[in-house]
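Everything on this sheet refers to the single structure shown next.
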Amino acid sequence: MAISTKPASGFRDFLPRETERRKRVFAIIEQVYQSYGFEPLETPALENLSTLLGKYGDEGDQLVFKVLQRGDKLSRALEKDSPSALDLSDMGLRYDLTVPLARIVAQYKNELPRYFKRYQIAPVWRADRPQKGRFREFYQCDVDVVGSTSMSVEAEVTAALAEVLRRLEFDNFRIHVNHRKLLTALMEHAGVTSNKHADALVAIDKLDKIGKAGVVAELGQRDIAPEAIANLLPLLEAVDQNKHESVDNEATLARLDSQIGHLESGRQALDDLRKLLAFAASGPAAPALFIDPYLARGLSYYTGPIFEIRSDDFAGSLGGGGRYDELVGMFTKETLPACGFSLGVERILVLMEERAMFQDEVSNVDVLVTLWNDEFTPNSFVLANELRAAGLRVDLYPDNDKYARQFKYADQRRISFVAILAPSELEEGVVAVKNMLSGDQERVARDQVSSWIHTQLEKNRACQ
RNA sequence: GUGGGUGUAGCUCAGUUGGUUAGAGCGCAGGUUUGUGGUACCUGAGGUCGCGGGUUCAAUUCCCGUCAUCCACCCCA
């Protein structure tokens, strides 16, 4: 029986062409993040389970890929009557980039600047079922600022994000913004008991997906008290109207103010959101920011403003984030405020693929040098090395195949030029160079080959 | 974890109302060209019709199970 050669479910191989596309997108993201003053960070793929668990809520903990203990520890764990997952494993693959950042900050606080602005583009792993735009191994692109409670951070982080999307030629996206404290205030105002807040929020979060009636039904299923549901109803009214065109954040805030402005948490939340809008007003995020009082996020560590990028082109979110002022405190006594955003590159790549946004495929080799026979091959090496020294990307054909095969290979790799060197060329002091795009072939003096090819490459580039 | 679709050549998919040699396009290999690819023409290689069981004289086709994959839900990037 043959061994399956497919990658494990939810994991992917990237062949060179796709790898290059991904790298190009990552490079743009990195460039934008750097332009906002963020610095790079790398952390391990594996973390201790004590670092990972208890930060993402019950569902999140379930989705952490756990790594089996090794050696004697495993044997001892297996000897227990009914060993639990925690007995059998001690480490797990990172679930996101935010918790590792919190650990880093707690560990290296004295070595980091007063405000730590870091970006990280790296894979994370989640043990859930694959779906469109959902994988078990996928890259996240995070930007976070640690050390400040100012809404200037929220403004910077959303701006960087909007700028990335703009550079990738996405325009119809919205950055939904809400506030944990606003949600708490809404719940209190409606009389939802505190143990039911999370349940109610999950239902309300689906407003734009299943509509008001759907939300009411789901609230019922989740055992929310009928009086509380009745109280929530008027709060659900307004957003339907301003959801798409003409976003009027001021009106939304004013309406919320009249409803929950008298509550302490509500007042704080509205104050934050107003500042956020004011600080972001001049930046690239401004037109995309959308105050959405029904946005809820599952991750339990958020404490202040929360974000989610949505687009009509994709069912799920394209990214999310928020403020988590207490997370660092889970690792050390002295906590530090923080806020950040995670961009869902994989989903963006899926959309870019769908929209055929990758047109400009360029070869990664400029010239293929042909072989004649073993005796003559040293001459081909000399030529290849000359061309490389002149700054060209050169591939040397490995076997003494007939030219048809050598050309076919050049074609397959989309190599722009083939440099043919055989005894007659060597004797005349020339190289026969064929332009694979036009089919033209020219005998070029040996000492001018590299500059000739450089010139032709320029021309090709100009044509595209 | 729940529900649904799909599983036939390397890839994308036809097909068989159960019947004896299972097809196409693309790709691949060889040739038409005696140093030249991509276009044209010719030839060829490749399939236990996902796996296991059942019904039947007979199963790739029907039934059950299983695995894989995709989509949706939950949740999320």
Side-chain angles (χ1 to χ4, degrees), chain A residues 1-2 4-12 29 56-64 94-98 121-142 161 198-199 201-203 205-206 209-210 214 218 221-222 295-300 307-311 314-322 340-351 368 370-373 376 397 400-426 432-443:
Chain A
M1 188 61 192
S4 169
T5 52
K6 285 183 197 145
S9 172
F11 292 72
R12 292 162 298 163
I29 295 169
Y56 306 110
D58 289 344
E59 297 239 22
D61 285 357
Q62 293 290 324
L63 297 178
V64 171
R94 67 174 165 231
Y95 178 89
D96 71 359
L97 301 176
T98 307
I121 301 177
V124 302
W125 294 269
R126 295 186 187 177
D128 61 3
R129 194 165 291 194
Q131 214 183 109
K132 182 179 178 185
R134 162 180 290 182
F135 310 97
R136 285 177 162 176
E137 176 180 60
F138 62 98
Y139 273 71
Q140 285 195 329
C141 304
D142 279 36
L161 210 110
D199 271 315
L201 290 176
V202 168
D205 182 48
K206 295 181 190 168
K209 236 183 199 172
I210 60 179
E218 181 148 347
Q221 280 164 24
R222 288 174 182 269
L295 169 69
R297 305 214 75 234
L299 296 183
S300 52
F307 318 111
E308 193 160 298
I309 316 173
R310 292 184 193 166
S311 164
F314 193 87
S317 76
L318 294 179
F341 211 115
S342 177
L343 186 64
V345 244
E346 305 292 353
R347 290 172 175 187
I348 285 165
L349 284 159
V350 165
L351 287 179
L368 175 74
T370 60
L371 294 196
W372 182 251
N373 61 28
F376 193 79
Y397 195 84
N400 296 324
D401 288 332
K402 59 185 189 178
Y403 279 132
R405 279 177 170 278
Q406 304 199 38
F407 276 87
K408 202 165 185 174
Y409 169 75
D411 193 51
Q412 204 179 22
R413 288 204 58 186
R414 303 147 161 254
I415 298 175
S416 318
F417 292 92
V418 175
I420 304 147
L421 185 67
S424 71
E425 281 82 9
L426 190 66
V433 187
K434 176 157 178 167
N435 181 331
M436 293 298 282
L437 233 103
S438 64
D440 300 336
Q441 188 167 317
E442 235 175 279
R443 288 168 97 79

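Proteins get letters first, then strands, A, B, ... in listed order; numbering begins at 1 in each.
Across B:rC70 and B:rU17, the matching C1' atoms stand 29 Å from one another, rounded to whole Å. Comparing B:rG46 with B:rG38, their C1' atoms are spaced 25 Å from each other, to the whole Å. Nucleotides B:rA9 and B:rG44, compared at atom C1', are 14 Å apart to the nearest Å. When the P atom is used for both B:rC28 and B:rG23, the distance is 23 Å, rounded to whole Å. Distance noted for atom P between B:rA29 and B:rG10: 15 Å (whole Å). When the P atom is compared between B:rG18 and B:rC64, the two are found 16 Å apart, to the nearest whole Å. Rounded to whole Å, the separation between the P atoms of B:rC11 and B:rG47 comes to 13 Å. Rounded to whole Å, the C1' atom of B:rU43 lies 26 Å from the corresponding atom of B:rC49.
At the heavy-atom level, A:Val202 lies under 4.0 Å from the strands shown only through sugar-phosphate atoms. Base contact: A:Glu425 has a heavy atom under 4.0 Å from a base atom. Residue contacts shown for A:Gly60 are absent, as no nucleic acid heavy atom lies under 4.0 Å away. At the heavy-atom level, A:Gly316 lies under 4.0 Å from base atoms of the strands shown. Within the nucleic acid shown, A:Arg94 has no heavy atom closer than 4.0 Å to any nucleic acid atom. Within the nucleic acid shown, A:Gln441 comes within 4.0 Å of at least one base atom, counting heavy atoms only.
Rounded to whole Å, atom P of B:rC75 lies 14 Å from atom CZ of A:Arg347. Protein atom CD of A:Glu218 is 12 Å distant from nucleotide atom P of B:rC73, rounded to whole Å. As a whole-Å value, the separation of A:Leu295 CG from B:rC75 C1' is 14 Å. Look at CZ on A:Arg126: it is 15 Å from C1' on B:rC74, rounded to the nearest Å. If you take CG of A:Leu63 and P of B:rC76, they are 9 Å apart, rounded to a whole angstrom. Remark: P of B:rU69 and CZ of A:Arg136 are 8 Å apart, rounded to the nearest angstrom. Taking atom NZ of residue A:Lys6 and atom P of nucleotide B:rG10, one finds them 12 Å apart after rounding to whole Å. The CD-P distance, from A:Glu59 to B:rC73, rounds to 15 Å in whole Å.
Side-chain atoms of A:Arg134 come within donor-acceptor range of the base of B:rC75, with a qualifying N/O pair under 3.5 Å. Interface remark: the A:Gln406 side chain does not form any donor-acceptor pair with the B:rU36 base, using a distance-only criterion of under 3.5 Å. Residue A:Arg129 places no side-chain atom within donor-acceptor reach of the base of B:rC76, judged by atom type and a 3.5 Å distance cut-off alone.
OP1 and OP2 of B:rC73 both lie 4.0 Å or more from every side-chain N or O belonging to A:Lys206. OP1 or OP2 of B:rC73 has not a single side-chain nitrogen or oxygen of A:Lys132 nearer than 4.0 Å. Residue A:Gln131 places at least one side-chain N or O under 4.0 Å from the OP1 or OP2 atom of B:rA72. Checking the phosphate oxygens (OP1, OP2) of B:rU36, no side-chain nitrogen or oxygen of A:Thr370 falls inside 4.0 Å.
Nearest nucleotide to the A:Ile420 side chain, out of B:rU36, B:rA77, B:rC75: B:rU36.
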Output a table of nitrogen or oxygen pairs between the protein and nucleotides 37-41 of chain B separated by less than 3.5 Å.
from	atom 1	to	atom 2	distance (Å)
B:rG37	N7	A:Lys434	NZ	3.1
B:rG37	N1	A:Met436	O	2.8
B:rG37	N2	A:Asp411	OD1	3.1
B:rG37	N2	A:Met436	O	2.7
B:rG38	O4'	A:Asp411	OD2	3.2
B:rG38	N2	A:Leu437	O	3.4

Notebook entry, point to check: Run the salt bridge (charged side-chain N to carboxylate O under 4.0 Å, His left out) check on A:Arg12 and A:Glu137 step by step: do they pass?
Noted result: CA-CA 8 Å; A:Arg12 292 162 298 163; A:Glu137 176 180 60; over 6 Å; no

Next item on the list: Show your working on side chain to side chain contact (heavy atoms under 4.5 Å, CB included) between A:Phe376 and A:Leu371 and close with a plain yes or no.
Entry: CA-CA 8 Å; A:Phe376 193 79; A:Leu371 294 196; over 6 Å; no

Next item on the list: List the steps, then state whether side chain to side chain contact (heavy atoms under 4.5 Å, CB included) holds for A:Tyr56 with A:Leu63.
Entry: CA-CA 9 Å; A:Tyr56 306 110; A:Leu63 297 178; over 6 Å; no

Check: side chain to side chain contact (heavy atoms under 4.5 Å, CB included) between A:Ile420 and A:Gln441: does it pass, once the steps are laid out?
Finding: CA-CA 10 Å; A:Ile420 304 147; A:Gln441 188 167 317; 3.8 Å; yes

Next item on the list: Give the intermediate values and the outcome of salt bridge (charged side-chain N to carboxylate O under 4.0 Å, His left out) for residues A:Asp411 and A:Lys434.
Entry: CA-CA 12 Å; A:Asp411 193 51; A:Lys434 176 157 178 167; over 6 Å; no

Notebook entry, point to check: Does the pair A:Val433 and A:Glu442 meet the rule for a side chain to side chain contact (heavy atoms under 4.5 Å, CB included), with working shown?
Noted result: CA-CA 5 Å; A:Val433 187; A:Glu442 235 175 279; 5.6 Å; no

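Here B:rG46 is in the syn range [glycosidic angle within 90° of 0].
For A:Lys402 and A:Leu421, each mapped to the nucleotide of RNA chain B holding its nearest heavy atom, the one lying further toward the 5' end belongs to A:Lys402. Two residues, A:Ser9 and A:Leu343, neighbour RNA chain B, and the one matched to the more 5' nucleotide by heavy-atom proximity is A:Ser9.
Taken from CH2 in A:Trp372 to CD in A:Gln406, the straight-line distance is 10.0 Å, to the nearest 0.5 Å. The CD atom of A:Gln140 lies 5.0 Å from the CZ atom of A:Arg126; values are rounded to the nearest 0.5 Å.
Of the N and O atoms on the side chains of A:Asp401 and A:Tyr409, not one donor lies less than 3.5 Å from an acceptor on the other residue.
Residue A:Thr370 comes nearest to A:Leu421 through the heavy atom pair OG1-N, 3.5 Å, listed as atom of the first residue, atom of the second, then distance. Of all heavy-atom pairs spanning A:Ser342 and A:Asp142, the tightest one is OG-OD1, 2.8 Å.
Summarising the local packing, CG of A:Asn373 is surrounded by more than 12 heavy atoms from other residues, nucleotides or ligands at distances under 6.0 Å.
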Notebook entry, point to check: Under a 3.5 Å cutoff on both atom distances, Watson-Crick or G-U, what's the dot-bracket for RNA chain B ([ ] crossing, | other strand)?
Noted result: (((((((..((((.....[...)))).(((((.......))))).....(((((..]....))))))))))))....

